Amino acid sequence: MDLNEEQAGGVTVLQVMGRIDSTTAPVLGERLTAMVGAAGARVVVDFSQLDYISSAGFRILLLAAKRADQTTSKLVLCGVSGKVRQLFDLGGFLDLFTIAHTREEGIAAAG
Amino acid sequence: MRKPPGIVYAVDEVPPFGVVVLSALQQVGLMSINLIYIILVMREVGATPELTASVMSISLLVLALGAVLQALPRGPIGSGFLCQPVPTAVYLVPSLIAAKAGGLSLVFGMTVFAGLVEVALSRALFKLRPLFPPEIAGLVVALIGLATGAVAIRTILGVGASIASGPSDAVVAVAALGTMIVLNVWTRGGLRLACVLIGMIVGYGVTALLGGFRHAEWETMVAMHWMTFPHLDYVGWAFDASLVIPFGVAAVAATLKVIGNVTTCQKLNDADWVRADMTSISRGVLADGLTTAVAGAVCTTGVSSATMCVGLASATGVTSRQVAYAVGAVLAVLAFFPQLGVVLSVIPRAVAGSALLFAATFIFVNGLEIMTSRLLDARRTFVIGLSFMCGLAIDFFPGAFAQFPGWVQPVLVSSIVLGPVMALVLNGIFRLGVRKTQKMVVEPTRVDPAAIEAYMETSGAEWGARRDVIDRASFNLSQSVEVIVESCDPQGPLEIEATFDEFNLDLRVSYVGPPLALPERRPTNEEIMESEDGQRRLAGFMLRRHADRIAATHRAGRSTILFHFDH
């Protein structure tokens, strides 16, 4: 898994590439928790280049969303398509997160 | 079936009467282009205009029967789709050979034989399915699209015609094709639905304005009776064993055409289409074979499912079977009015070429989509690539194959015969050595996710499996290995076995250790967040839901999970 962080008009965009499994999920978890840990943070996680996400990855996302609620931060996912979207649907996660179609829409939704 | 966005009236829908009539008229207009194949055979035997007109009338009745048979939604005959037959290039060369060798009676007798071959093939299609995978059906459709496009351009340019095309033909082609494209792309409703018919009428109009009709054609039409009944006093049948190969090959090519066309129709009408429905295809091949057998029995030439008409349905978005019934009615009426037949047969070549070119573009793209719906490894790439290029070589270098032995010449008549035959042969050869069961061992201390993913990808490509099924299996394999290694403390390696046939993909994961929980209920979000056990139960829940069937056993300390995926 590779992570790439960018700033776009006060919104932090984290692009996740490759696989989120039990080995890589803790790394993503640490990073995300830190990002949404600051009060009022605005974070977009771009999954457009994600190949695989296991139950460990979904757990990390749930924890990050919970943390964002506690700190009144905003967490938006984008680029959830194809087989990754199918996994979100399968696990019943599509309605649990704010999911934008593109990165631009994600930034707008987070801003 | 969920209707795709581009389809206005799907196969089971009943469009307004006007839409049905308009759609039927333009379908018949497009079909009329292929009546030339009957005329070419009749010219070969030096038939009189009256005999030609009579055979034409009989043909129209047979085509009417074929359109209705093919569209029947229930019963043993008919694919249920708007996929009507037309006189076809597939039977042209064998018919010309037969006409030269034994006259019309031999043409008709051998046509009955070819129809019966197709009927027999329709009964064996289920067993032969591995020999006719979707990529070969797609190849056939794409080659037909290319061949139709080549004929269209040749027709517009007047290549090989006694009178070469001039500027007026170019004007007619631009007017006709331009009208079709503009109406199809930038309009909606009736204009889009009738774009080909309107384009052809515009083409006829421009031809008349430019003085493109010859007086002789109108004189022939005026001299004919307004209404007549076809006569059968030329009836006769003969059989020649030396023509079994050309007509047999033509029957196989016709079968492949139907497989490709019905597959396209299925895909056109179902946004969630994932695999060819062999029941519908088998019934479609039966209808096609019966129509050809009847054609020979009532003394006319062989027919086959019209790819260009499927292309037209795709372009206009009207695929309702009601149109097929209306096509049958229009053709039956035309059969008794030879003057109308003449109007159709004197269609200006620039108009005919434009309509063909329009349909060919959709046929070609549909073929490419079907071909690439499967994972393709080196074997399948060779099957498709070599067949495609060898097929095209026939059209590019027609003279280069003249020195081949006589017995192989029937296969070398056209790209739409050589390409599919080559693909069938290569598919048979490349199937050798493909293991239906692939095994893998994963050491719990050295799990390599990339190797696990590559195992499923490589296996899927070798089998020619569907991408979506391999993606699902790949997830289940990765997720199950991940959770077993983390939570089941496996003693020794995990043994993995994937078994495939055209209908099933079974994935078996076996290890020494306690069984994995595969709950039917999703754990709550709190349960998932609070403990790793919740996360594991989420994994088990997703594994269960992602497979079509799942079975888990635990015997003598060894746990086995079987994931079944329908294919």
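The structure presented is a predicted model; accordingly, all values stated were derived computationally and were not measured.
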Where do A/Gly91 and B/Met542 come nearest, in terms of heavy atoms and distance?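 Taking every non-hydrogen atom into account, CA-CG, 4.1 Å.
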Would you indicate whether the side-chain heavy atoms of B/His546 and A/Leu87 approach each other to under 4.5 Å?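 Answer yes - side chains close enough.
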Tell me, side chain or backbone of [X] under 4.5 Å from chain A's heavy atoms, or both, or neither?
| X | answer |
| --- | --- |
| B/Arg472 | side chain |
| B/Phe541 | side chain |
| B/Ser474 | neither |
| B/Ser531 | backbone |
| B/Gln535 | both |

So if I take each residue of residues 437-453 of chain B and look for any heavy atom under 4.5 Å from a heavy atom in chain A, which residues do I end up with?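 Residues of residues 437-453 of chain B touching chain A at under 4.5 Å: B/Pro449, B/Glu453.
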For chain A, which residues from residues 514-528 of chain B lie under 4.5 Å away (heavy-atom distances)?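 Answer by number: B/Arg522, B/Asn525, B/Ile528.
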Return yes when atom [atom1] of [X] has more than 12 non-hydrogen atoms of other residues, nucleotides or ligands closer than 6.0 Å, and no otherwise.
| X | atom1 | answer |
| --- | --- | --- |
| B/Lys3 | NZ | yes |
| A/Gln70 | CD | yes |
| B/His554 | NE2 | yes |

List the residues meeting salt bridge (Lys or Arg N to Asp or Glu O under 4.0 Å) with A/Asp89, not counting sequence neighbours, and say none if there are none. none
Would you please go through residues 39-63 of chain A and name the residues with a non-hydrogen atom below 4.5 Å from one of chain B, in numerical order? A/Tyr52, A/Ile53, A/Ser54, A/Ser55, A/Ala56, A/Phe58, A/Arg59, A/Leu62, A/Leu63
